[in-house]
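A quick note: this is a predicted structure, and the numbers were derived from the prediction, not measured. One-based numbering, in listed order, for ligands and for the atoms of each.
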Amino acid sequence: MNMRNISDKKRIVIKLGTSTLAHSTGKLNIRRMTNLVRVISDLHNSGKEIIMVSSGAVGLGTGKLGLSKRPKDTKLKQAVAAVGQCELMHVYDDMFEKYSVTVAQILLTKTIINNPNHCENFKNTIETLVGMGVIPIVNENDSISIDELELEIGENDSLSALVASLSGADLLLILSDIDGLYSDDPHKNPDAEPISVVEEITPEIERIAGGAGSGLGTGGMSTKINAAKIASEAGIDMVIMNGKNPELLYDLFENKDIGTIFVAPKSQ
Ligand code: GLU
């Protein structure tokens, strides 16, 4: 059986990390974003139901405010996120407009996700927006949820898996600054081999995924494995691929061997 039956997937959650949408300065990667928005709009026009989870609030806020690095102080980070989220949605709204695609912002917190009524409202809003042909763009409400008490989700890999599960997605697509999962850390080991299909998240998979992310984002491969577990429990396949060449999304949806697919038990 072909594990890569991606072409059949209709409702797709696409997660974009800060390292995909911004330069290391925290300023927008205009070429990358322009290409991504074009390809995502095209997939949307082809009949895919797209829901995006986008990071970038803290990263873009850092760049816009001219700070030298991502802040650590909680209050500053909350404030920076408020500036950056505004910038982020302005950019998306503007870029998608070119293709007559309407976008909407939804900000989540852990408290919302843990509250059944609020969750229901989230699902209804997503359903209504998607039904109207709008692309919802979700982020964590960092200005409210960033704290020191573990009341935050904290990284958008897990958030995107929760969104995929709540919105009944067929596929979670994580666009990252790495081509997929490797047999070892490719930054350190030139012999590391790419892994195309993961059928089970074994302790060995967790071991090779260990380690933190880079630059302005918060996630590394281990948060992506956590996302894969959440997606897998919800019966949703997940793909990790590099976001630097958005044209590869077309190949992915032609079932070509792009990135790493984590096949959920239900769909095997
Ligand atoms: N919510 C954070 C932001 O928008 C990103 C968290 C992450 O990098 O995963 O900046």
Side-chain angles (χ1 to χ4, degrees), residues 13-29 32-33 36 51-93 103-113 122 136-164 166 172-178 209 211-231 238 240-244:
V13 170
I14 303 180
K15 187 258 173 182
L16 298 184
T18 307
S19 58
T20 299
L21 53 88
H23 290 286
S24 56
T25 54
K27 301 275 188 195
L28 196 72
N29 187 328
R32 175 91 47 80
M33 284 297 283
L36 268 169
I51 298 160
M52 288 169 60
V53 172
S54 179
S55 306
V58 179
L60 289 190
T62 302
K64 183 150 192 175
L65 289 165
L67 305 176
S68 58
K69 58 177 185 333
R70 199 179 165 98
K72 291 215 162 49
D73 172 73
T74 303
K75 285 188 183 146
L76 182 58
K77 206 150 106 182
Q78 290 163 333
V80 166
V83 171
Q85 181 63 31
C86 188
E87 166 85 349
L88 185 64
M89 287 312 298
H90 169 72
V91 167
Y92 278 127
D93 200 38
V103 295
Q105 168 187 271
I106 306 183
L107 298 177
L108 285 178
T109 61
K110 200 171 187 177
T111 323
I112 293 172
I113 288 181
F122 172 75
I137 303 180
V138 183
N139 195 1
E140 185 164 10
N141 192 346
D142 293 323
S143 299
I144 304 300
S145 64
I146 290 175
D147 59 35
E148 286 120 4
L149 302 171
E150 294 184 357
L151 290 175
E152 57 180 320
I153 300 159
E155 41 79 20
N156 277 0
D157 293 325
S158 302
L159 178 71
S160 65
L162 292 167
V163 167
L166 289 172
L172 169 60
L173 181 49
I174 295 194
L175 300 183
S176 180
D177 56 0
I178 187 158
S214 59
L216 286 162
T218 55
M221 193 50 85
S222 60
T223 56
K224 290 169 182 59
I225 298 297
N226 194 38
K229 283 188 195 159
I230 298 170
M238 182 181 112
I240 302 174
M241 62 180 274
N242 206 319
K244 82 174 177 220

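- Of the possible polar contacts, none joining the Glu87 side chain to the Gly61 backbone as a donor-acceptor pair under 3.5 Å is found.
- Residue contacts with ligand 1: Gly154 is placed with no nitrogen or oxygen under 3.5 Å of a nitrogen or oxygen of the ligand (distance criterion only).
- Two residues are said to be in side-chain contact when any heavy atoms from C-beta on lie closer than 4.5 Å; Met221 and Ile240 meet this criterion.
- Considering backbone and side-chain N/O of Asn156, one or more are found under 3.5 Å from N/O of ligand 1.
- Below 4.0 Å from some heavy atom of Ala57 lie the following atoms of ligand 1, by number and element: 3 (C), 4 (O), 10 (O).
- Note on ligand 1: Gly56 sits in its first shell, one or more heavy atoms being nearer than 4.0 Å.
- Under the side chain to side chain contact (heavy atoms under 4.5 Å, CB included) rule, Phe122 has a single partner from Leu108, Ile113, Leu162, which is Leu108.
- Distance check: Lys27 NZ to Leu21 CG gives 14.5 Å after rounding to the nearest 0.5 Å.
- In this structure, Ser55 and Lys15 have side chains that are in contact, with non-hydrogen atoms separated by less than 4.5 Å.
- If you number the atoms of ligand 1 from 1 as listed, the ones under 4.0 Å from a heavy atom of Asn139 come out as 1 (N), 3 (C), 4 (O).
- Considering backbone and side-chain N/O atoms, Asp142 comes within less than 3.5 Å of an N/O atom of ligand 1.
- Proximity of Val58 to ligand 1, defined as any heavy-atom pair under 4.0 Å, is shared by backbone and side chain alike.
- You'll find the side chain of Lys77 stays beyond 4.5 Å of the side chain of Asp142, heavy atoms only.
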